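Everything below concerns the one structure shown next.
All values reported here derive from a predicted model rather than from experimental measurement.
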Amino acid sequence: MRILWSLSAIAVASSSVSAFTPSNINSVSRSSETAVFSAVAVAASDVKAKHEATLSKLRAKDQQSSAISKDELNVIFEDEHIVVVNKPSGVLTVPGKDQNNPSLNKAVFERYGSESGRMDKMVVHRLGMDTSGLVVFARTDAALRSMNSLFRTRKVTRNYEALVCGHLSQDEGSIDLPLMRDFECPPFMRVSTDDHQRALIDLDPDEVGKKILENPKDSLTKYQVISREDMAGNDVTRLMLTSISGRTHQLNVHCAAIGHPIVGDTVYGYDGEAAPNGGLDESELPADKASVELQKAISEACAGKPMCVHAKSISFRHPVTKQDLSFESKAPF
């Protein structure tokens with residue numbers, strides 16, 4: 001089954017961007033010529049106020065990061081140049097603006113140190129606080145430079161395991177939807193559309209911030225069904241997700257935008273802080289989407305539990321020795 005939408009964005013060079021594409025059915029398209037867009041009014045003061053209010057809540061959440069000591073680290077690999085650690089859910093990868101926040105970065109630095117003597121010079125990528133799984137840290141300046149280059153040139157392969165609401169009808173597919181900052185729910189992300197891009201034209205970056213006005217970013221996620229399961233009597237699907245483009249919150253937004261939000265996602269899932277359905281109208285979702293009733297039931301069943309997404313595997317060429325490396329860890333759900 002193959003479903004194909006085209007969502008054009010004025011800041012994207014091509015006239016259309018392909019979207020959710022599971023396998024094997026007739027193609028359905030949606031382009032700017034046929035789509036009807038409603039005007040979206042934006043006031044810079046509203047965007048700024050919403051942004052500041054949400055940032056305040058996010059900073060408060062960061063302060064709730066679980067403490068982890070250097071002796072509690074689950075180290076998967078270490079040598080003189082890099083360390084690979086299995087991060088538990090509920091722990092910040094980096095402390096953020098408040099250096100007093102407990103973080104994985106701090107524990108790794110306390111255990112191994114770094115050539116530069118700075119813990120921020122160990123960070124080459126990060127996972128969200130609620131995401132568990134494999135994180136790589138650099139111990140030397142040479143490793144830091146090389147790992148940054150590998151990530152920038154997309155020569156690192158990362159696979160995530162996730163539980164999503166409902167049963168996907170297709171066994172594999174791809175989600176190719178451009179992402180943008182959501183000025184209606186800043187600083188969260190959403191699928192980019194023409195009307196939401198047009199609404200930004202007259203906004204001043206000095207008032208709303210440059211990130212809100214960034215061009216849409218092409219974003220591609222591939223998925224494969226591992227199993228279709230039951231959670232407290234509710235349908236869920238276990239997926240292997242591969243983020244090709246590695247955008248902020250990409251997996252969360254893309255899963256929500258195909259009607260199957262990640263189980264336990266309190267931001268992009270049921271009654272979350274971000275726009276529902278990744279910013280798309282429910283009428284734009286595929287036929288196998290998880291119903292609102294099902295999403296609610298799953299949300300209630302897993303209340304207070306960690307979000308079900310895990311950075312399961314990572315593969316890359318060693319930044320110094322050039323040896324091909326691949327690591328894997330078991331999902332905790």
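Legend: residues meeting salt bridge (Lys or Arg N to Asp or Glu O under 4.0 Å) with D98, ordered by chain and number and at least two apart, are absent.
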Report task. Given side chain to side chain contact (heavy atoms under 4.5 Å, CB included), test E161 with K330 step by step and report yes or no. Result -> CA-CA 9 Å; E161 188 170 322; K330 184 177 180 181; over 6 Å; no

Going through the checks in order, is the side chain to side chain contact (heavy atoms under 4.5 Å, CB included) test met by N277 and E282? CA-CA 7 Å; N277 308 319; E282 190 169 350; 4.0 Å; yes

### Query
Does the pair K155 and R317 meet the rule for a side chain to side chain contact (heavy atoms under 4.5 Å, CB included), with working shown?
CA-CA 8 Å; K155 293 179 180 177; R317 181 161 291 183; over 6 Å; no

Test H249 against Y268 for ring pair (Phe, Tyr, Trp, His ring centres under 6.0 Å), laying out the working first.
-> CA-CA 9 Å; H249 299 176; Y268 295 96; 5.4 Å; yes

* Where do F316 and D324 land on the side chain to side chain contact (heavy atoms under 4.5 Å, CB included) test, with the steps shown first? -> CA-CA 6 Å; F316 56 94; D324 288 335; over 6 Å; no

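F188 has its side chain within reach of T54: a pair of non-hydrogen atoms, C-beta onward, lies under 4.5 Å apart. The side-chain heavy atoms of M240 and Y160, taken from C-beta on, include no pair separated by under 4.5 Å. The shortest side-chain heavy-atom distance between Q250 and T248 does not fall under the 4.5 Å cut-off. Counting only heavy atoms from C-beta outward, the side chains of S132 and K87 never approach each other to under 4.5 Å. The shortest side-chain heavy-atom distance between Q295 and P261 falls under the 4.5 Å cut-off. You'll find the side chain of V135 reaches within 4.5 Å of the side chain of L104, heavy atoms only. Within the 4.5 Å cutoff, no side-chain heavy atoms of V84 are placed close to those of V75. Side-chain contact between E184 and D46: absent, with no pair of heavy atoms (C-beta onward) separated by less than 4.5 Å.
Defined by atom type and a distance below 3.5 Å, a donor-acceptor pair is missing between the side-chain atoms of T237 and E229. Judged purely by distance below 3.5 Å, without hydrogens or angles, the side chains of S315 and S326 pair a donor atom with an acceptor atom. Under the 3.5 Å distance criterion, with hydrogens and angles disregarded, a donor-acceptor pair is assigned to the side chains of D281 and S283. Side-chain polar atoms of N101 and D62 form no donor-acceptor pair below 3.5 angstrom. In the model, D71 has no side-chain atom that pairs as donor or acceptor with a side-chain atom of S69 under 3.5 Å. For the residue pair T321 / H81, no side-chain donor-acceptor distance below 3.5 Å is found, with atom types taken as modelled.
Closest non-hydrogen pair, A67 versus P102, comes out as CA-CB, 3.7 Å. Taking both residues in full, the closest heavy atoms of P187 and H51 are given as CB-NE2, 3.4 Å, listed atom of the first, atom of the second, then distance. Considering all non-hydrogen atoms of both residues, S65 and V91 come closest at OG-CA, 3.6 Å. Taking each heavy atom of L285 and G259 in turn, the nearest pair found is CD1-CA, 4.0 Å. In terms of heavy-atom proximity, V164 sits nearest to L168 at CG2-CD1, 3.7 Å. Closest of all the heavy-atom pairs between S329 and H310 is OG-NE2, 2.7 Å.
Remark: E115 does not engage R139 in a salt bridge, criterion side-chain N to carboxylate O under 4.0 Å. A salt bridge is defined here as a Lys NZ or Arg NE, NH1 or NH2 lying under 4.0 Å from an Asp or Glu carboxylate O, and R228 with D171 meets this definition. Here E110 does not pair with K70 in a salt bridge; the nearest charged N to carboxylate O distance is not below 4.0 Å. A salt bridge between K210 and D204 is absent, with no side-chain N of the basic residue lying under 4.0 Å from a carboxylate O of the acidic one.
For the atom pair CD1 (I68) and CG (L73), the distance works out to 5.0 Å, reported to the nearest 0.5 Å. Atoms CZ and CG, on R198 and D194 in that order, are 4.5 Å from each other to the nearest 0.5 Å. Taking OG of S66 as the start and CG of L92 as the end, the distance is 9.0 Å to the nearest 0.5 Å. The distance from atom NZ of K50 to atom CD1 of I212, rounded to the nearest 0.5 Å, is 10.5 Å. To the nearest 0.5 Å, atoms OG (S219) and NE2 (H254) are separated by 5.0 Å. Atoms NZ and CG, from K121 and N105 in turn, are 12.0 Å apart once rounded to the nearest 0.5 Å.
Between the side chain of S146 and the main chain of A142, no donor-acceptor pair closer than 3.5 Å is present. Listed for the S245 side chain is a donor-acceptor partner under 3.5 Å among the backbone atoms of L220. With hydrogens and angles ignored, the 3.5 Å screen pairs no side-chain donor or acceptor of S313 with any backbone N or O of F327. Although no hydrogens or angles enter the test, the distance criterion places a donor-acceptor pair under 3.5 Å between the side chain of N148 and the main chain of L144. Counting only distance, with no hydrogens or angles, the side chain of Q224 and the backbone of G173 share no donor-acceptor pair below 3.5 Å. Under a 3.5 Å cut-off, the side chain of R247 and the backbone N or O of D218 do form a donor-acceptor pair. Of the possible donor and acceptor atoms, one in the side chain of T93 sits under 3.5 Å from a partner among the backbone N and O of L127. Counting only distance, with no hydrogens or angles, the side chain of Q99 and the backbone of G96 share a donor-acceptor pair below 3.5 Å.
Under the 4.5 Å side-chain heavy-atom criterion for ILVMFWY residues, no single connected hydrophobic cluster contains both V94 and V124. When the side chains of ILVMFWY residues are joined at heavy-atom separations under 4.5 Å, either directly or via intervening members, L241 and M189 end up in a single hydrophobic cluster. Criterion: ILVMFWY side-chain heavy atoms under 4.5 Å apart, direct or through other members. Under it, V320 and M147 are not part of a common hydrophobic cluster. L134 and V108 end up in different hydrophobic clusters when Ile, Leu, Val, Met, Phe, Trp and Tyr side chains are linked at under 4.5 Å. Cluster membership for I82 and V123, using ILVMFWY side-chain heavy atoms within less than 4.5 angstrom, is not shared.
Counting only residues at least two apart or on different chains, the ring pair (Phe, Tyr, Trp, His ring centres under 6.0 Å) pairs with a member in residues 109-153 are H125-F151.
Other residues, nucleotides and ligands contribute only 12 or fewer heavy atoms inside 6.0 Å of the CG atom of D202. Within 6.0 Å of CZ in R238 there are more than 12 heavy atoms belonging to other residues, nucleotides or ligands. K322 NZ: more than 12 foreign heavy atoms inside a 6.0 Å radius.
Aromatic ring orientation, F77 versus H318: perpendicular (interplanar angle above 60°, classes split at 30° and 60°).
Think of L163 as one node in a network of Ile, Leu, Val, Met, Phe, Trp and Tyr side chains linked at under 4.5 Å; its network also takes in M231, V236, V263, L294, I298, F333.
The side chain to side chain donor-acceptor pair (under 3.5 Å) test with T242 is passed by exactly one of T157, T221, N159: N159. Put simply, the residue from K217, Q197, R181 that forms a side-chain contact (heavy atoms from CB on, under 4.5 Å) with S192 is Q197.
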